[in-house]
Structures are given as C-alpha cells and as structure tokens.
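Okay, structure first, notes after.
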Amino acid sequence: MRKLFTAQCGSYQDDSLNELIDLYFESEKDRLASASEILLKPNLLSATPPERAVTTHPDFVRAVIASLKRFTNARIMLGDSPGANFGKYEKVLDVTGVGRAAEEAGVKIVRVESYAPVQRDGFMYSSLADEVDVIINLPKIKTHSLTGLTLSVKNLFGLIPGTAKVGFHRKYPSDTELGAKIYQYFTLLGDKTMHIIDGIIAHEGDGPSRGTPVPLGIAAACSDAVGLDIAVTRMLGLKDSFCMTTAEALRMGYDPSWIDVPETDVPILKIPLSRKMQVPVFMKKFVAEQVYVKPVVLKDPCIKCMLCKNSCPVDAISVVNSYPFIDKSKCIECFCCHEVCESDAVGMQRSWLHRMMVRS
C-alpha cells in the first residue's frame with residue numbers, strides 16, 4: 001500500500017526530520033533488509049555551497065545515512081552525474097559538502113560514468129542503476145525553467161552519464177516534450193526506487209540553479225515518485241500538472257485520488273520567468289542545438305593506447321593518422337572515453353552557447 005510521509009522542519013537538525021526518515025524506512029524495512037547494494041542519489045547539479053539550495057543539503061544526506069544503517073546491512077554507495085560539470089565531480093562533492101557527509105559515514109562515493117552505459121527502450125543510462133538493488137532518491141525542491149519543478153522523477157535524470165543529459169535537452173527542447181521523455185525514462189527505473197525530498201531550504205525563481213534559496217521547512221517521503229511529486233506540488237499551492245513530468249504521468253493515466261496532503265504553511269514559490277512566457281518551439285529547438293559538449297582527443301598527452309576506442313559503446317572512435325579520432329556526429333556524449341583515459345588525453349569541447357550558459 002502506498003503511503004505518504006510528511007514533516008514540517010525548522011532546520012536540518014529538527015527531530016521531525018529524523019522521525020520522518022525513520023518512519024519511512026520502517027515502512028520499507030523488509031525491502032531494505034533484503035538489499036545487498038543500495039545507491040543514494042542526491043541532487044548534485046553543480047559545485048555550489050549548501051546555503052544556495054541548488055543541491056541536496058549535506059545534513060539531509062547525513063540524516064538519511066544514519067537512519068538507513070539501522071535498517072540494513074547492505075553496502076551503501078552515493079553517486080550522481082552533475083550535468084555539464086561531471087568532469088569536476090570531486091569539486092562538486094567538496095563544495096556541496098555531500099562528499100564529506102558520505103565519507104564521514106563510511107559510504108562509498110561512485111561515479112556514474114564509471115559504469116558502462118545501458119541502452120534500453122530508446123534511452124541510455126548508467127548500468128550502476130541496474131547493479132544496485134535499491135535506489136534511494138534524495139531530490140531537492142526547486143523550480144525549473146523548463147519542467148516547472150524538479151522533484152523526484154526529474155532527479156533520477158542524473159543517472160544518465162556525462163553530457164548525454166545536455167543532448168536530451170537538445171533533442172527535446174520544449175517543456176512538454178522534455179517532461180514526457182524524462183517521465184518515460186523514469187519508468188524504466190521506478191520499481192527499485194525510494195524517495196525522500198529535501199524542501200527544508202528550497203530553490204525558487206530561475207531554477208534549477210540561478211534562482212534564490214527560500215526556507216520552506218518541509219520534507220516528505222514516499223515510494224511512489226509521482227505521488228510524492230503531486231503531494232509536494234499541492235503543498236506549494238500549485239496545480240498537479242504544473243510539473244511537466246507529472247503532467248505526462250497524468251496523461252498516461254496516473255490516478256492521484258489516493259493522495260491526502262496535510263495542511264502546510266509554506267511561502268508561495270517564485271516561478272521562473274520562462275514559465276510565464278510563451279517561446280515558440282522552433283526557437284527553443286534552435287537554441288538547444290547550439291548547446292553541447294563533445295569529447296576531443298588531445299594529441300600531445302595521447303599515448304595511443306586506444307582504451308578510449310575500445311570503451312566507446314557506439315563505435316564513434318576510429319584511428320586516423322595513428323591517433324584516435326572521435327566522430328562527433330556519432331558521439332552520444334556518455335564520456336566513457338574520458339573516464340577510461342589514463343593520460344588525460346580526452347578533453348571537453350564546449351560550444352560557445354554552452355560556455356555562456358554553464359559556468360565551470
């Protein structure tokens with residue numbers, strides 16, 4: 001039976017947060033006890049400090065780990081792929097504080113790109129998702145310029161490796177298309193997921209990264225990601241379909257009648273400017289096509305070991321004049337080549353618009 005857990009929390013040290021997590025894990029104790037490997041999937045979008053509320057707060061992660069260890073003997077890992085800045089993963093872990101939270105608790109940090117990509121039903125994601133028994137999803141409540149909100153369903157987008165996420169945005173530039181495809185991708189993983197959402201300090205305005213922090217003082221948990229997202233959306237005083245991933249779930253027949261949301265006193269979030277404007281789809285598509293990151297072989301450090309060529313899942317790398325050469329038209333931006341290179345000879349070639357929009 002689906003059950004929703006909610007709490008109002010004055011801070012990350014509030015006892016009500018620990019009580020919520022414990023109650024939720026108690027409801028899933030058999031599932032947790034039988035797991036051998038569990039992945040914690042926070043939101044690690046970029047190298048921003050916790051007070052900016054762009055990423056899952058490290059104290060939220062600490063509280064989840066402390067409770068989880070009371071319910072399972074499974075090997076616990078933590079991992080994400082931070083969008084365009086996945087190549088600076090260590091910096092992201094350091095600046096957000098999430099790396100320290102994991103290390104202090106003895107939780108192994110893993111890279112999404114260290115696991116071979118899987119192609120399934122037209123979608124690509126890291127095989128890390130298939131190798132673990134349970135994925136505990138730890139999203140941050142944020143407004144989003146395209147999908148309206150980034151909540152539980154959207155947060156699992158981080159299991160797509162490298163800058164393939166950028167390619168996803170490029171292929172599906174409109175809000176409805178993107179929301180629909182992210183929801184369809186989520187359904188491939190949904191059965192093994194659990195969700196605890198951090199809304200104690202949320203992010204409003206031009207999210208998911210260029211807005212401002214806002215103290216909402218709420219946390220919620222459920223093993224039904226769509227149901228949790230709808231509950232949070234209602235708590236924010238917005239229509240169920242405001243979040244584009246939820247809109248697709250509803251279009252596909254999701255029944256929200258079971259959801260009973262308690263009354264909460266939270267401020268009204270500032271909505272991204274883009275959600276108030278109507279931009280033609282052809283214009284969105286044109287802009288999206290100019291935003292990309294592709295791997296490129298740097299000849300000076302290259303030792304011609306061909307590990308990059310052997311690792312490419314789509315055979316986009318050939319040998320030209322004895323050096324590996326990457327065919328950008330075939331590249332799916334999974335960056336396996338970057339991950340396996342032992343001589344730092346695979347760099348990242350960013351488009352001019354990507355350099356303008358995404359800060360290193």
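Note that the structure is predicted; figures quoted are calculated from it, not measured.
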Kindly indicate, with the supporting measurements, whether the criterion side-chain hydrogen bond (donor to acceptor under 3.5 Å, both in side chains) is fulfilled by S81 and E113. CA-CA 7 Å; S81 179; E113 288 75 24; 2.5 Å; yes

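- M306 shares a hydrophobic cluster with V319; the chain of contacts runs through ILVMFWY side chains whose heavy atoms sit under 4.5 Å apart.
- Residues in residues 65-79 take part in these salt bridge (charged side-chain N to carboxylate O under 4.0 Å, His left out) pairs, two or more places apart or across chains: D22-R70, E37-R75.
- The one candidate from I136, I21, I196 that meets the side-chain contact (heavy atoms from CB on, under 4.5 Å) condition with L68 is I136.
- Relative to the ring axis of Y323, K299 places its NZ or CZ within 45° and under 6.0 Å from the centre.
- The distance from the CG atom of N137 to the CD1 atom of I197 is 8.0 Å, given to the nearest 0.5 Å.
- To the nearest 0.5 Å, the span separating CZ on F71 from CD1 on I38 amounts to 11.5 Å.
- Sorted by first and then second residue, the ring-ring contact (aromatic ring centres under 6.0 Å, His included) pairs involving residues 121-142 (not counting sequence neighbours) form an empty list.
- Judged purely by atom type and a 3.5 angstrom limit, D94 has no side-chain atom pairing as donor or acceptor with the backbone of E90.
- Contact detail for I317 and P324: the closest heavy-atom pair is CG2-CB, 3.8 Å.
- A pairwise comparison of heavy atoms in V54 and S46 identifies CG1-OG, 3.7 Å as the closest pair.
- Screening residues 31-70 for ring-ring contact (aromatic ring centres under 6.0 Å, His included), with sequence neighbours left out, gives Y12-H57.
- Under the side-chain hydrogen bond (donor to acceptor under 3.5 Å, both in side chains) criterion, the residue pairs touching residues 225-239 are S152-D229, R234-D240, with sequence neighbours excluded.
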Yes or no on side-chain hydrogen bond (donor to acceptor under 3.5 Å, both in side chains) for S223 and E28, after CA distance, side-chain angles and deciding distance? CA-CA 9 Å; S223 293; E28 291 278 13; 2.4 Å; yes

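- A salt bridge is defined here as a Lys NZ or Arg NE, NH1 or NH2 lying under 4.0 Å from an Asp or Glu carboxylate O, and E103 with R100 fails to meet this definition.
- Residues satisfying the salt bridge (Lys or Arg N to Asp or Glu O under 4.0 Å) criterion with E19, sequence neighbours excluded, are absent altogether.
- Ionic pairing of D80 and K41 is present here: one or more N-O contacts between side-chain nitrogen and carboxylate oxygen are shorter than 4.0 angstrom.
- In summary, D59 and R62 engage in a salt bridge, as defined by a charged side-chain N under 4.0 Å from a carboxylate O.
- With values rounded to the nearest 0.5 angstrom, M124 atom CE is found 10.0 Å from Y185 atom OH.
- Inspection of the T143 and K270 side chains reveals no N or O donor paired with an N or O acceptor under 3.5 Å.
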